Number of protein chains: 2
Amino acid sequence: MKPRSTGCCHGSHVELPTLTAKLRKESLKITGPRQAILEAMRHHPHPLLIKELHALLAEGDCDLVTVYRSMKTLQKMGMVRRVEFGKGGSRFELVTDEGREHHHHLVCEACHAVMQLDDCLLLEVERRIEKASGFRSVTHRLEFFGICPACQKSSVPKP
Amino acid sequence: MKPRSTGCCHGSHVELPTLTAKLRKESLKITGPRQAILEAMRHHPHPLLIKELHALLAEGDCDLVTVYRSMKTLQKMGMVRRVEFGKGGSRFELVTDEGREHHHHLVCEACHAVMQLDDCLLLEVERRIEKASGFRSVTHRLEFFGICPACQKSSVPKP
DNA sequence: AAGCTTTTGCAAATGGTTTGCAGTGGGTGG
DNA sequence: CCACCCACTGCAAACCATTTGCAAAAGCTT
Ligand SMILES: [Mn+2]
Ligand SMILES: [Mn+2]
Ligand SMILES: [Zn+2]
Ligand SMILES: [Zn+2]
């Protein structure tokens, strides 16, 4: 499980047409708000609070309520994933389906920086739990928390 | 990681005097509401919603707001632990400090039954992440979800 | 371009949690 | 044993995230 920095505007983004195509395939309308939202999420690979996501949009692009409704819709069709850091509401991130499907995060409790961790190794644990408990379709939700290098030095973190 | 059923009134409970002693040690007052709350939690080893916990108390024993304030106080002194199942608010469970300190749960998504899992095996993963990322004091939050044996048969779960 | 349907914005409702404040009651010292 | 004081509690109201109702606006299809 190697940490991997996921700052904005680094790697190859998903193309917007690729995303809207998925909407069309589900016969969902390609509206202004939805394009604005997807455009914003493309450039911000981290799990975003609804409030943060809304703040990224240009004034008047999309109502807060529409962001909520869009997350529900996009989640249902598998384009976004809900992530919970346990504070201040649900977060959402684009599903990039480039192989790095299921993954977890390492969050700094001081400045809230986020690193993405790849290679989850709990899948075999899930199988073991299924066998031992009789439960089926076992999944898991896992996040790591700690203090990032920057916040260790500067005892004045930037929350 | 072996599942272990933790239904109510099975194993050895913590004694109430043991719990109130901890309050006294911290020079916190041993009040009616606090005793009622601890008494209820002793008998319910699962992570409880504030609402559920309040419902367990006898009418007039303790105000809902006081349950909230007690959880904050008890959590601060390490007597209870906050657990998030990602739906319907925070849950709390007594810290029994019988060695089974840190642990995780397996929750049925249909009927919400809970099994406690012992023997977390992520502690060495935390060390590895610290080394690779430079983060310090790394902890984690992990829960498993699935469909329990009962709900698999009866396609009419009891949510 | 017209029509049908989905989607949006705004306002208000909801549900969980916190806060302000005045009154109560544990615990301690007299 | 009593009285005093501060921690603690109840009640109401504020707060914050999320959902819902409804009429107007905007996609998509024909
Ligand atoms: Mn991610
Ligand atoms: Mn537990
Ligand atoms: Zn995983
Ligand atoms: Zn663990």
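All values below were derived from every heavy atom in this structure, side-chain atoms included, with hydrogens, water molecules and symmetry-related copies excluded. Computed from a predicted model, the values in this text were never measured in an experiment.
Applying the salt bridge (charged side-chain N to carboxylate O under 4.0 Å, His left out) criterion to A:E124, with sequence neighbours excluded, gives A:R128.
Under the ring-ring contact (aromatic ring centres under 6.0 Å, His included) criterion, the residue pairs touching residues 119-140 of chain A are A:H102-A:H140, A:H104-A:H140, A:H140-B:F144, with sequence neighbours excluded. Sorted by first and then second residue, the salt bridge (charged side-chain N to carboxylate O under 4.0 Å, His left out) pairs with a member in residues 129-141 of chain A read A:R127-A:E130; sequence neighbours excluded. Residue pairs meeting the salt bridge (charged side-chain N to carboxylate O under 4.0 Å, His left out) criterion with at least one member in residues 37-50 of chain A, sequence neighbours excluded, are A:E39-A:R42. Residue pairs meeting the side chain to side chain donor-acceptor pair (under 3.5 Å) criterion with at least one member in residues 83-94 of chain A, sequence neighbours excluded: A:R81-A:E93, A:R82-A:S90, A:E84-A:S90, A:E93-A:H103, A:E93-A:H105.
In this structure, NE2 on B:H54 lies 13.5 Å from CG on B:L49, to the nearest 0.5 angstrom. Summarising the geometry, atom CD1 belonging to A:I37 is positioned 11.5 Å from atom CG belonging to A:L48; distances are rounded to the nearest 0.5 Å.
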Do any side-chain atoms of residues 18-35 of chain B form donor-acceptor pairs under 3.5 angstrom with protein atoms, and if so which ones, sequence neighbours left out?
| from | atom 1 | to | atom 2 | distance (Å) |
| --- | --- | --- | --- | --- |
| B:T20 | OG1 | B:L16 | O | 3.4 |
| B:T20 | OG1 | B:P17 | O | 3.0 |
| B:K22 | NZ | B:D97 | OD2 | 3.2 |
| B:T31 | OG1 | B:R34 | N | 3.3 |
| B:R34 | NH1 | B:K29 | O | 2.9 |

Please tabulate, for side-chain N and O atoms in residues 63-72 of chain B, each donor-acceptor pair with protein atoms closer than 3.5 Å (sequence neighbours left out).
| from | atom 1 | to | atom 2 | distance (Å) |
| --- | --- | --- | --- | --- |
| B:D63 | OD2 | B:V65 | N | 2.9 |
| B:S70 | OG | B:T66 | O | 2.8 |

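If you check residues 18-29 of chain B against DNA chain D, the residues with a heavy atom closer than 4.0 Å are B:L28, B:K29, listed by number.
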Short heteroatom pairs, N/O only, protein and nucleotides 8-10 of chain C, under 3.5 Å:
| from | atom 1 | to | atom 2 | distance (Å) |
| --- | --- | --- | --- | --- |
| C:dT8 | OP1 | A:T31 | OG1 | 2.8 |
| C:dG9 | OP2 | A:D63 | N | 2.9 |
| C:dG9 | OP2 | A:T66 | OG1 | 2.5 |
| C:dG9 | N7 | A:R69 | NH2 | 2.8 |
| C:dG9 | O6 | A:R69 | NH2 | 2.9 |

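Residue B:Y68 has a polar side-chain atom (N or O) positioned under 4.0 Å from OP1 or OP2 of C:dT17. The phosphate of C:dT17 (OP1 or OP2) has a side-chain N or O of B:S90 nearer than 4.0 angstrom.
Backbone-only contact: A:K72 has heavy atoms under 4.0 Å from sugar-phosphate atoms and none from a base. Note on A:I30: only backbone sugar-phosphate atoms sit closer than 4.0 angstrom, heavy atoms only; bases stay farther off.
To the nearest angstrom, P of C:dG16 lies 8 Å from CG of B:L49.
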Criterion side chain to side chain contact (heavy atoms under 4.5 Å, CB included) on A:M79 and A:M77, from CA distance to verdict: CA-CA 6 Å; A:M79 285 185 67; A:M77 60 183 288; 3.4 Å; yes
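One end of the helix from C:dA1-D:dT30 to C:dA12-D:dT19 points its axis 30° away from the other end's axis, with each axis taken from 5 pairs and the angle rounded to 10°.
Looking only at distances, a side-chain donor or acceptor of A:Q152 sits under 3.5 Å from a matching main-chain atom of A:I147.
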